[in-house]
**Q** 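What follows is a single structure, and I will ask about it in a moment.
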2 protein chains.
Amino acid sequence: MPRSRTGTAARPTLSKVAEAAGVAVSTASLVFSGSGPVSDATRRRVLDAADRLGYAGPDPVARSLRQGRSGIVGVVIGERLLYAFRDPVAVALLDGLTEELAPAGFGLLLLSGSSGRTGPAPEQVERAPLDAVVVESCGGDDAPAVSTLHHRGVPIIGVEGTRLPDVPMVSIDNHGATVELTRHLVELGHRRISVVTLPMRQPGTHRGPLDDSRRATATSTTGIDRLRGVEDALGHAVAAWEASDGLIEEGHRAGLELLAGSPHQRPTAVVAQSDLLAVGVVHAARELGLRIPQDLSVTGFDGIDTPWLGDLRLTTVEQPMTEKGRAAGRMVVDVLAGARPDPVMLPTTLRVRSSTGPAPE
Amino acid sequence: MPRSRTGTAARPTLSKVAEAAGVAVSTASLVFSGSGPVSDATRRRVLDAADRLGYAGPDPVARSLRQGRSGIVGVVIGERLLYAFRDPVAVALLDGLTEELAPAGFGLLLLSGSSGRTGPAPEQVERAPLDAVVVESCGGDDAPAVSTLHHRGVPIIGVEGTRLPDVPMVSIDNHGATVELTRHLVELGHRRISVVTLPMRQPGTHRGPLDDSRRATATSTTGIDRLRGVEDALGHAVAAWEASDGLIEEGHRAGLELLAGSPHQRPTAVVAQSDLLAVGVVHAARELGLRIPQDLSVTGFDGIDTPWLGDLRLTTVEQPMTEKGRAAGRMVVDVLAGARPDPVMLPTTLRVRSSTGPAPE
DNA sequence: TTGAAAGCGCTAACAC
DNA sequence: GTGTTAGCGCTTTCAA
């Protein structure tokens, strides 16, 4: 960051104000912080002086230095915002976070990737004045950032993904939820089930059939947990296609791949690991002339609005997206208050809707 | 924000490191800042000591105080993130901003509204350690925040919306672009044209026919400029419906209202002031049994992807959404370098596609 | 190439 | 109620 302060002429400081008001700085400080008794007359004199000098209150940086708190909480967002915020789940997380943090007096600083790099710029991670940081799906490309932050002693709160030692986590039961979802499909008679997975690691530059070796190098537990849920419910391995992100276009590509075979080869159901992927799969299926759910059942995950599907409503696992952010926000507040919060596991709900039906034949 | 620092035992400071290395603090400082000559031997001793003590580099807050720079740029986002980030235009702005600011060493702090209030919490606006702030569509509910920031002496960069004295702006030619768009409709034979406008002021709690009194109290110039463009191209006033936000659902409501009349009363073209509103209008039209563009032409504004429309492609005004953010980011950098950047007006492009056609009859 | 000293602007003890 | 004093942790002259 650039060097010296520029802009408008030197701002007045508290001591100038105190001087102008004829009181001690400490007294003036009390006027602004409100944390101590000040006579009305004095208060007025100080405020008048502040007004006269155009003093807008204590310098936040000086105050932070003194108090050992910056009032800033970071959020690590691996991708470029343009992509990250296409995902309603990421947006909801942020929303929940601010809902909880803003009233507590904390601001949210984005530590995001950019076109040149996945993961936040190291320089920022090293230099941002953070009281704490929230990391979603940590692992993979976020790892360097996370370890820098850990080294710096910045308290870390995790949301889903890899568990880190000493990091309080907010998560959902990805495995259990997918087991339940898969049982629903099995009850409908589906046996040939394929999965479209989230990226197994960041950066999501890879797409294709998910083989064992690729699977072994996964750093994202979310995708793995959801995949295992399907397999455990079925009792055997399934064909899976790994997407390079969790968005519609990737689901579309995956759908075209998975549904290419003849009616007796291709899956009768596709389990997509996000609703957006599922939307893409539905689009692909329709292009291939398949009716949903008569010819193909499709399931999603998340429970977002899907206005892209016309009347079709996705069968999906609804997760409390905003609440995840809120819970993480509360953890931040607790940690900064000196507590060691317990991990939180939020509940999910299976929503059976019109995108699933009895297996064909 | 809470008081004292908590968490892991007191972090080592630069002076501890210097002491352990047997050098002066100032020398140790040079090792980390790299801004001065240090012998290799000394450097090594200092880094070793830092390693041994688990010192992760200079405290950002102390550094900021000394240097008079926090490395943080605020973005005022009037609404709750959950709504604001549904708008691809807002997301693209943020994306462009970070693209430009992250490499320059600045982080982005969100100053957003929340469920309880529109506009950022005053406490945050007063206490955040900002080097500068970017405000989109300032005016209305952001006004208090903006004036606080101004008072604090925080340099402000504006993106669209109300012009403020002394605030460098990034904008587009909303009026001119809409004139061109409307001419296209006129050439197609359209005479009965209705407009769906963006909210005329924040908070967007109002929806309904836009009458003169309401129009007179507008604080958002974007909606007004685009509306005037239509009127100036037509040479007369038009019926307009004010939406309470710029999203799909509002466009849908507006569409149902505007298209309720008989074929000879209802408009033959609807000019929506955002692509999302246009998508909603299209949905409404289809529900009412109207074919597009045979029975009704619909135009948007922005140039976002619209995967909600099937094969229909929106005729729209494409604006450089990300570039707006980049330009604003560059302005921030310039202002902090002591420059007084000139206002920037970015170009737009009319995209004629399949949602407009000859007027019926 | 290194060290000593000043001080960024503020708050929190403590004394009066 | 108000003033005095001592730093928060760092960078930056300036001198050696």
Side-chain angles (χ1 to χ4, degrees), chain A residues 1-6 10-46 49-50 53 55-71 126-127 129-131 152-153, chain B residues 1-6 10-46 49-50 53 55-71 126-127 129-131 152-153:
Chain A
M1 91 194 121
R3 297 282 133 168
S4 68
R5 173 159 225 134
T6 341
R11 307 244 91 218
T13 67
L14 187 58
S15 77
K16 297 280 182 208
V17 173
E19 190 184 351
V23 302
V25 256
S26 60
T27 306
S29 174
L30 292 182
V31 170
F32 289 101
S33 69
S35 62
V38 185
S39 77
D40 276 2
T42 310
R43 176 190 316 285
R44 188 158 306 282
R45 284 225 309 286
V46 171
L53 301 182
Y55 181 77
D59 179 303
V61 175
R63 170 196 288 242
S64 294
L65 177 60
R66 187 54 238 244
Q67 301 191 147
R69 277 285 164 83
S70 66
E126 281 156 20
R127 281 160 155 62
L130 303 173
D131 286 343
R152 275 186 55 185
Chain B
M1 89 193 125
R3 297 282 134 168
S4 69
R5 173 158 226 131
T6 342
R11 307 242 93 218
T13 68
L14 188 59
S15 79
K16 297 280 182 209
V17 173
E19 189 184 353
V23 301
V25 254
S26 58
T27 305
S29 174
L30 292 182
V31 170
F32 289 100
S33 68
S35 62
V38 185
S39 75
D40 276 3
T42 310
R43 175 189 318 284
R44 188 158 307 282
R45 284 224 310 286
V46 171
L53 300 181
Y55 180 76
D59 179 303
V61 175
R63 170 196 289 244
S64 295
L65 177 60
R66 187 53 236 244
Q67 301 191 144
R69 277 284 163 84
S70 66
E126 282 156 21
R127 282 161 156 59
L130 302 174
D131 287 342
R152 273 186 55 185

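Throughout, a chain's letter reflects where its sequence line sits, starting with A, and its residues are numbered from 1. Keep in mind that the numbers below use all heavy atoms, side chains included, and drop hydrogens, waters and symmetry copies.
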**Q** What does the list of N/O pairs under 3.5 Å between the protein and nucleotides 2-4 of chain C look like, with a distance for each?
**A**
unit_1, atom_1, unit_2, atom_2, d
C/dT2, OP1, B/S39, OG, 2.7
C/dT2, OP1, B/T42, OG1, 2.1
C/dT2, OP2, B/S39, N, 2.7
C/dT2, OP2, B/T42, OG1, 3.4
C/dG3, OP2, B/A24, N, 2.9
C/dG3, OP2, B/T27, OG1, 2.9
C/dG3, N7, B/S26, OG, 3.2
C/dA4, N6, B/S26, OG, 3.2

**Q** Rounded to whole angstrom units, what separation is found between the CG atom of B/D59 and the P atom of D/dC8?
**A**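 From B/D59 CG to D/dC8 P: 12 Å.
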**Q** Quick one: CZ on A/R63 to CZ on A/R66, what's the gap to the nearest 0.5 Å?
**A**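 Going from CZ on A/R63 over to CZ on A/R66, the span is 12.5 Å.
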**Q** Return the minimal non-hydrogen interatomic distance between B/R45 and B/G22, and the atom names on each side.
**A** NH2-O, 3.8 Å
**Q** It should be established whether A/R63 places a side-chain nitrogen or oxygen under 4.0 Å from OP1 or OP2 of nucleotide C/dC10.
**A** no
**Q** Below the 4.0 Å mark, does C/dA12 have OP1 or OP2 next to a side-chain nitrogen or oxygen of A/Q67?
**A** yes
**Q** Between the two ends of the helix from C/dT1-D/dA16 to C/dC16-D/dG1, what is the bend in degrees, rounded to 10 degrees, where each end axis spans five pairs?
**A**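 Here the helix ends are tilted 30° relative to one another.
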**Q** Mind checking if B/Y55 touches a base, just sugar-phosphate, or nothing, with heavy atoms under 4.0 Å?
**A** sugar-phosphate
**Q** Using a 4.0 Å heavy-atom cut-off across all strands, classify B/S29 as base, sugar-phosphate, or nothing.
**A**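 Base contact - B/S29 has a heavy atom under 4.0 Å of at least one base atom.
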**Q** Between P on C/dT11 and CG on A/L14, what's the gap in Å once rounded to a whole number?
**A**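 Computing the A/L14:CG to C/dT11:P distance gives 6 Å.
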**Q** Can you name the residues that form a side chain to side chain donor-acceptor pair (under 3.5 Å) with A/T42, not counting sequence neighbours?
**A**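 If we apply the side chain to side chain donor-acceptor pair (under 3.5 Å) test to A/T42, skipping adjacent residues, the hits are A/S39.
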**Q** For A/V46 and A/A21, work out which heavy atoms get closest and say how close.
**A**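 Scanning both residues completely, I find the closest heavy atoms to be CA-CB, 3.8 Å.
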